[in-house]
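Note: hydrogens, waters and symmetry copies are ignored here, and every other heavy atom, side chains too, is used.
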Number of protein chains: 2
Amino acid sequence: MCGALAPEELHQLVDILTDVELSAHAPLFHEGDPAEHVFNVTRGSIKLYKLLGDGRRQITGFMFPGDFLGLAVNSEYVYTAEAVTDVKLCRFPRRKLDVLRERMPKLDRRLLALAMDELVAAQDQMLLLGRKTAEEKIVSFLLMLARGQERRGEKVDPVHLPMSRTDIGDYLGLTIETVSRTLSSLRKAGAIVMEGTDRVHLKHRDRLEEVAAAMT
Amino acid sequence: MCGALAPEELHQLVDILTDVELSAHAPLFHEGDPAEHVFNVTRGSIKLYKLLGDGRRQITGFMFPGDFLGLAVNSEYVYTAEAVTDVKLCRFPRRKLDVLRERMPKLDRRLLALAMDELVAAQDQMLLLGRKTAEEKIVSFLLMLARGQERRGEKVDPVHLPMSRTDIGDYLGLTIETVSRTLSSLRKAGAIVMEGTDRVHLKHRDRLEEVAAAMT
DNA sequence: CGTGACCTTGAAAGCCTTCAACTCGGGTGG
DNA sequence: CCACCCGAGTTGAAGGCTTTCAAGGTCACG
């Protein structure tokens, strides 16, 4: 399944694509490491995060099959990447990618489109982190996961939560307790139905969309 | 001054570059508008923001001379842009840009580099919004402005705050009162010296850097 | 069936917000 | 010329949402 990034451009170079497997919670690379590879997730999920000096953590994104990662500046990764679940990735040497970009200018266009999408997502996340309440954050998160499942052609219901409550909190700027309490209150309000701790059925999705966007 | 984006690529096409001037607080475009142009700030500063349904606002960035803006998806702007101060910009039709990108593949590379830088900044901002305290946010913000002035070759001291307290709050996920109180407390602690309401002298910048990064 | 990791729930505390009043500076018009 | 007004900023006090601290529950695993 290696080659999801740009099949048409890469098929001639499959020999330098390497399949990589990681167990849940295994690190892929750390912020500041020399950025020698870029990756494509083919299976499972990965979290990207940054740390403050005292250990506070902000997860900047979760990556799912089809997603591309390996953002670097000055040849260093700008975030840490860690497997959430067991993961399969496709690895590609950055130097080769650079060579390829020279030869195939269209690749830059493709990468630009990816970067733009990520940038849009990042800005939505800023709005979430800066201005939404805990409930709005949780609802937005659930909807985001649902849309991801839709986009990848997976079943939409139930929404799957492969990550821990701690991870969810570190993604939404909340504590684990607030995440738990908010899910409970949504459940008690009938907005969601939990199936175990990692599957959620969304009820009245249109109403939830309104909550997430703070439509009065 | 039109042409800061990519002088070498664009000098043959200056005829489709248009200088634009805006008064303070004038809107440049709104989220959802058809994205017909891209812009380069040549003078003054601009804020970019997104709104929730009930009016809550998150400023996703401030743009200064040399910065490029006009991010769009599906030909629509994904944020609102508004002049903070009187502003001069260089406007470029997006369709022409697309034509140019066809002819000059290297332009995509340039744009990709810009998008990457913005993405890195966006992730730092997520860490700030999700995990930093009010004091850490304000200190980080002042240092960010200071670095911007350095990068553009302006005087570093004092740091200039062209935007209102409301704007600062909407950028940092705080209220105007918390911004004001935090600046006051930093002043009383001797960490900064205010010169009017819009100029700040940073004392012990190394200590402030530690506060911003939460180095224990 | 004990153990531990993860999750949930309760109670108290705290940081930031909300509400409110006051100050300051600039522009305007009497 | 100066009183007045208005917007922006500051400061105080009370309140609330989320965090912190603490305890208990659940489930997988050895």
Side-chain angles (χ1 to χ4, degrees), chain A residues 23-26 47 52 54-59 82 84-86 128-142 160-189 192-200 211 214, chain B residues 23-25 47 52 54-58 84-85 128-142 160-189 192-200 211 214:
Chain A
S23 301
H25 308 122
K47 60 190 175 197
L52 287 175
D54 62 0
R56 274 173 283 169
R57 189 176 70 150
Q58 178 65 42
I59 291 182
E82 201 174 297
V84 170
T85 61
D86 289 352
L128 179 150
L129 291 168
R131 289 305 184 205
K132 291 189 183 178
T133 64
E135 182 176 74
E136 291 162 352
K137 286 176 176 181
I138 293 286
V139 169
S140 300
F141 179 63
L142 294 175
H160 193 223
L161 307 178
M163 68 293 289
S164 69
R165 297 293 187 263
T166 304
D167 285 345
I168 297 174
D170 284 348
Y171 182 58
L172 300 178
L174 300 171
T175 60
I176 175 176
E177 294 95 332
T178 300
V179 171
S180 185
R181 266 189 263 272
T182 306
L183 284 171
S184 293
S185 108
L186 287 170
R187 180 170 43 72
K188 286 168 188 161
I192 63 174
V193 173
M194 299 292 310
E195 191 181 333
T197 59
D198 66 346
R199 280 183 301 284
V200 187
V211 170
Chain B
S23 301
H25 308 123
K47 60 190 174 197
L52 287 175
D54 62 359
R56 275 173 283 169
R57 190 176 68 151
Q58 178 66 42
V84 171
T85 61
L128 179 149
L129 290 168
R131 288 306 184 204
K132 290 188 183 179
T133 65
E135 182 176 75
E136 291 162 352
K137 286 177 175 180
I138 292 287
V139 169
S140 300
F141 179 62
L142 295 175
H160 193 222
L161 307 179
M163 67 293 288
S164 69
R165 297 292 187 265
T166 303
D167 286 346
I168 297 174
D170 283 348
Y171 183 58
L172 300 178
L174 299 171
T175 60
I176 175 176
E177 295 95 331
T178 299
V179 171
S180 186
R181 266 189 264 272
T182 305
L183 284 171
S184 294
S185 106
L186 287 170
R187 179 168 45 70
K188 285 168 188 160
I192 62 174
V193 173
M194 299 291 309
E195 191 181 332
T197 59
D198 66 346
R199 280 183 299 285
V200 186
V211 170

> When the distance from CG of B:Leu172 to C1' of C:dC16 is rounded to whole Å, what number comes out?
Replying inline: 14 Å
> Ignoring hydrogens and geometry, is there a side-chain-to-backbone donor-acceptor pair from B:Ser184 to B:Ser180 under 3.5 Å?
Replying inline: yes
>> Please report the distance, rounded to the nearest Å, between CG in B:Asp167 and P in D:dG7.
In response: 16 Å
> Counting N and O atoms only, with roles assigned by atom type, does the side chain of A:Asp86 sit under 3.5 Å from a partner on the main chain of A:Ala24, one being a donor and the other an acceptor?
Replying inline: yes
>> Output one letter per nucleotide in nucleotides 8-24 of chain D: B when a protein non-hydrogen atom lies under 4.0 Å from the base, S when only the sugar-phosphate is that close, - when neither is.
In response: -SBBBB----SBBB---
> Just one of B:Thr182, B:Ile192, B:Thr133 clears the side-chain contact (heavy atoms from CB on, under 4.5 Å) bar with B:Ile138, so which one?
Replying inline: B:Thr182
>> Quick one: does any side-chain atom of B:Arg57 pair with a main-chain N or O of B:Tyr171 as donor and acceptor, under 3.5 Å?
In response: no
>> So which atom in A:Asp198 and which in A:His160 form the shortest heavy-atom distance, rounded to 0.1 Å?
In response: O-CD2, 3.1 Å
> Rounded to whole angstroms, how far apart are CD on A:Glu195 and C1' on D:dT26?
Replying inline: 17 Å
> Taking CG from B:Asp54 and C1' from C:dT17, how many angstroms apart are they, rounded to a whole number?
Replying inline: 15 Å
> Can you name the nearest heavy-atom pair linking B:Leu129 to B:Gly173, along with the distance?
Replying inline: CD2-N, 3.8 Å
